[in-house]
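So that the names make sense, note that chain A is the first sequence line, chain B the second, and so on, each numbered from 1. Quantities reported herein were computed from a predicted structural model and do not represent experimental measurements.
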Amino acid sequence: MSAQVSITLPDGSQKSVPAGTTIADFVRTQIGPGLAKVALYAKLDDAEVDLSKPLDHDGKLSVVTPKDPAALELIRHDAAHIVASVVQRLFPGTQVTIGPSTDEGFYYDFHREKPFTPEDLEAIEKAANEEIKKDLPFVRKEVSKDEALALFGKLGETFKLEIVEDIFKRGAKTLSLYSHGDWVDFCLGPHGPSTGRVGVIKLLSVAGAYWRGDHRNPQLQRIYGTAFFSQKDLDAWLHQQEEAKKRDHRRLGKDLDLFHFHPAAPGAVFWTAKGTSIFTTLSTAMRRLCLSNGYEEIKTPLIYNKSLWETSGHWGKYRENMFLILDPEADPALPEDERASFSLKPMNCPSHHLYFQMKRRSYRELPLRLHTQDVLHRNEATGVLSGLTRVRQFQQDDAHLYVMESQITEEVLALSQLISKVYEAFNLTFTAKFATRPEKKIGDDALWDKAEGALKAALEKTGLPYELKPGDGAFYGPKIDFDVADSLGRKWQLGTIQLDYNAAERFDLNYIGADNTEHRPVVIHRAIYGSFERFIGILIEHFAGNFPVWIAPVQARVIPVVAERHSAYAKEVADKLRAAGVRVEIDTSHGRIGAMIRDAQLAKIPYALVVGDKEVEARGVSPRKHGTGKDADLGLLPLDQFLATVTKEAEIPY
RNA sequence: GCUGGCGUAGCUCAACUGGUAGAGCACCUGAUUUGUAAUCAGGCGGUCGCGGGUUCGAGUCCCACCGCCAGCUCCA
């Protein structure tokens, strides 16, 4: 065993120190006391380690300080431990479970009969921040399975015992414990040197969460919080959260008068004229895109006999989400699903399959691409409804592609490109997820193997980076989901590409091949917006209500400087623009110009067109462009010139 | 569906420990005739989510239901 180890630093320099020197000592003596003071943890040969770790072999070392973005994650994890420790002190008998850091902070799940009240949270937060002031060191210790079981057994931590068993079942040799003060938890680490390095802890909310994410398990209380290095950083974050709330589509939907909800129809949207305008614009754009890409648009019934759902598999796997229509003749003593005779459709696929079946299909027709924007109903649990992003009645820009197996790759590629093109037109950034067979599924494993293999191969060909989501597929097939985040960072699935070998079997779909025999088509389910409702919700937040001209429900508002004198000309301008297809309105409020301009700005209308004596004389308008600050006033323009500009901006970008 | 929170005028929010519901904006009317983010005055507007209960008295306390919000499970 060599007495010295050679450590390489990020700048390439090498230092040699006696084996067994801790990283903390190494940093202080070999790099500098300044760095040692701010260091939180280190990366040793790409492994994240505590500063207390002794250096026992040659390696590459880099030190992580608060400047590193990853450092926040560490102190939030530290914070979770601190919170758990004070919760157990303040509320004896509470059991701990898990407490990871998240994108915006951390949470910790507790088991306790009594719920934590908002006052409890305040007390916990106060105590947690006092714990920071005590600057207790985090101490790591490795223990064996027996020691771990004995420790958490003695503490009565039944949830922890369950995790310990799992960890060792998965082949771990030892378990690392981290303690601060007299509180101990097991944890992979690393942790910071001491509690004092966590600047400030802020608790945000309590929510229910199921043990191991399964609703059949006991429900735990999850305390959400966040931590920052300084109060200033925390304040900045809180301010940013407030700003994000201003973009919330539910807020803007009211402010801009786009849609309403009513308790009489929970989860179903009342679209105002303005909201409907947005809906229609997007619908028209998608229709055009589909038609120019080899799709045909069809319309199909909204309500179907139960037997269809039995054929499709929805009856077995999706019934709890379906709105059933009960047979009035049926025996009321029977359970509801047995009295059901019809159901509103929750998906378009069975309709399309029936349509495919309605005549003999030739291989020459494939790929047959059917597009539909029909209304769908899904009986979603009350607790999941959320503005436009999760509703019970919605319309998808849905399509089903009936293809030969040999066409799968090509179609998935073309689809991915189409999706990218549409999202890029809105400047939306998305993440792709590849989801495989779920627990609740139809079809045998051989078909699923085939479907997952084919879809994955096609996905890899697109070159898109993707995340794997095992078990997250639709009940009939694997899928690629395209997620976009809302203003609060919550991700929503918009577009989707789903590969389905089951449908053709269940519906006995076939086409006549070149060999004059019957073959099974493969079905690709796909949506680009996902649903109009969710997509519009996301767009509202994405643009903060400042819609580009082509989607804006009102593209221009004419503002007469003096109502009595300029109203006639204002009407002339509006008429001419309207005749050319511009969505225009006139401010008839007789207000002062400053107030009228302000109203137009608050309504986020792209162009406010001021018309006064100058404009009347020049037969022009003075447009003010929304959201452009000092350069807002475009000055006097000939009406035709403005019309040309706005018409160009109103073009569908895809 | 589960856990917690919330529900007062179209919107945003007040109403101390239970004691006759109030403001701003919006809307309507009048005056003002105005050049790029709020002209002035007056007026209209509420079964305090719904239903029970406690109380001399309930927006306020209790119960049930409905809806909304955050999260969980589920999903476009």
### Message
With a cut-off of less than 4.0 Å, is there a side-chain N or O of A:Arg490 near OP1 or OP2 of B:A70?
### Response
yes
### Task
Look at all strands and tell whether A:Arg624 reaches a base, only sugar-phosphate, or nothing, counting heavy atoms closer than 4.0 Å.
base
### Message
Distance to the ring centre below 6.0 angstrom and angle to the axis at most 45 degrees; does that hold for A:Arg76 and A:Phe106?
### Response
no
### Message
Taking any heavy-atom pair under 4.0 Å as a contact, classify A:Asp613: base, sugar-phosphate, or nothing.
### Response
base
### Task
Provide the distance between the two P atoms, one in B:C6 and one in B:G24, to the nearest whole Å.
28 Å
### Message
Tell me whether A:Trp492 and B:A76 count as stacked here, given that the ring centres must be under 5.5 Å apart and the planes must differ by less than 30 degrees.
### Response
no
### Task
Determine the Euclidean distance between corresponding P atoms of B:C13 and B:A9; express it in Å to zero decimal places.
11 Å
### Query
Within the structure, does a side-chain N or O atom of A:Thr496 lie under 4.0 Å from either OP1 or OP2 of B:A76?
no
### Phosphate OP1/OP2 of B:U12 contacted by A:Arg251 side-chain N/O (<4.0 Å)
yes
#### Entry: Distance below 4.0 Å between A:Arg392 side-chain N/O and B:C75 OP1 or OP2
no
### Bracket notation of RNA chain B in which parentheses pair within the strand, [ ] cross earlier pairs, and | pairs with another strand (Watson-Crick or G-U, under 3.5 Å)
(((((((..((((.....[..)))).(((((.......))))).....(.(((..]....))).))))))))....
### Query
When you check the phosphate oxygens OP1 and OP2 of B:A37, does a side-chain N or O of A:Gln601 lie under 4.0 Å from one of them?
no
### Query
If the P atom of B:C69 is compared with that of B:A58, how far apart are they to the nearest Å?
32 Å
### Task
Check every strand shown and say whether A:Ile559 touches a base, only sugar-phosphate, or nothing at a heavy-atom separation below 4.0 Å.
nothing
### Task
Only pairs at least two apart or in different chains count here, so list each salt bridge (Lys or Arg N to Asp or Glu O under 4.0 Å) that has a residue in residues 252-270 of chain A.
A:Arg251-A:Asp255
### Task
Provide the distance between the two C1' atoms, one in B:A76 and one in B:C11, to the nearest whole Å.
30 Å
### Task
Considering only atom P, compute the distance from B:G57 to B:U20 and round it to an integer number of Å.
15 Å
#### Entry: C1'-based separation of B:U17 from B:U73 [nearest Å]
42 Å
### Query
So which pairs with a foot in residues 432-443 of chain A pass side chain to side chain donor-acceptor pair (under 3.5 Å), sequence neighbours left out?
A:Lys433-A:Asp483, A:Arg437-A:Asp445, A:Arg437-A:Asp449, A:Arg437-A:Glu452
### Query
Rounded to whole angstrom units, what separation is found between the OH atom of A:Tyr210 and the C1' atom of B:G71?
11 Å
Between the protein and nucleotides 31-34 of chain B, which nitrogen or oxygen pairs are less than 3.5 angstrom apart?
from: B:U33; atom 1: O2; to: A:Glu564; atom 2: OE1; distance (Å): 3.2
from: B:U33; atom 1: N3; to: A:Glu564; atom 2: OE1; distance (Å): 2.4
from: B:U33; atom 1: N3; to: A:Glu564; atom 2: OE2; distance (Å): 3.2
from: B:U33; atom 1: O4; to: A:Glu564; atom 2: OE1; distance (Å): 3.3
from: B:U33; atom 1: O4; to: A:Glu564; atom 2: OE2; distance (Å): 2.4
from: B:U34; atom 1: O2; to: A:Arg592; atom 2: NH1; distance (Å): 3.3
from: B:U34; atom 1: O4; to: A:His590; atom 2: O; distance (Å): 3.3

### Message
Tell me the interatomic distance from A:Asp248, atom CG, to B:U12, atom P, rounded to whole angstroms.
### Response
12 Å
### Message
If the cut-off is 4.0 Å, is A:Arg378 near the phosphate of B:C74, judged by side-chain N/O to OP1 or OP2?
### Response
no
### Phosphate OP1/OP2 of B:C74 contacted by A:Lys440 side-chain N/O (<4.0 Å)
no
### Query
Among residues 530-546 of chain A, which residues get a heavy atom nearer than 4.0 Å to RNA chain B?
A:Ser531, A:Arg534
### Query
Should A:Arg250 be listed as having a side-chain N or O under 4.0 Å from OP1 or OP2 of B:A70?
yes
### Message
Using a heavy-atom cut-off of 4.0 Å across all strands, would you classify A:Lys491 as base, sugar-phosphate, or nothing?
### Response
nothing
### Query
When you compare B:G18 with B:G59, how far apart are their C1' atoms, in angstrom units rounded to a whole number?
10 Å
### Query
Which ones in residues 254-264 of chain A lie close to RNA chain B, meaning a heavy atom under 4.0 Å from one of its atoms?
A:Lys254, A:Pro263
### Message
Under 4.0 Å, counting only non-hydrogen atoms across every strand here, what does A:Tyr224 touch: a base, just sugar-phosphate, or nothing?
### Response
sugar-phosphate
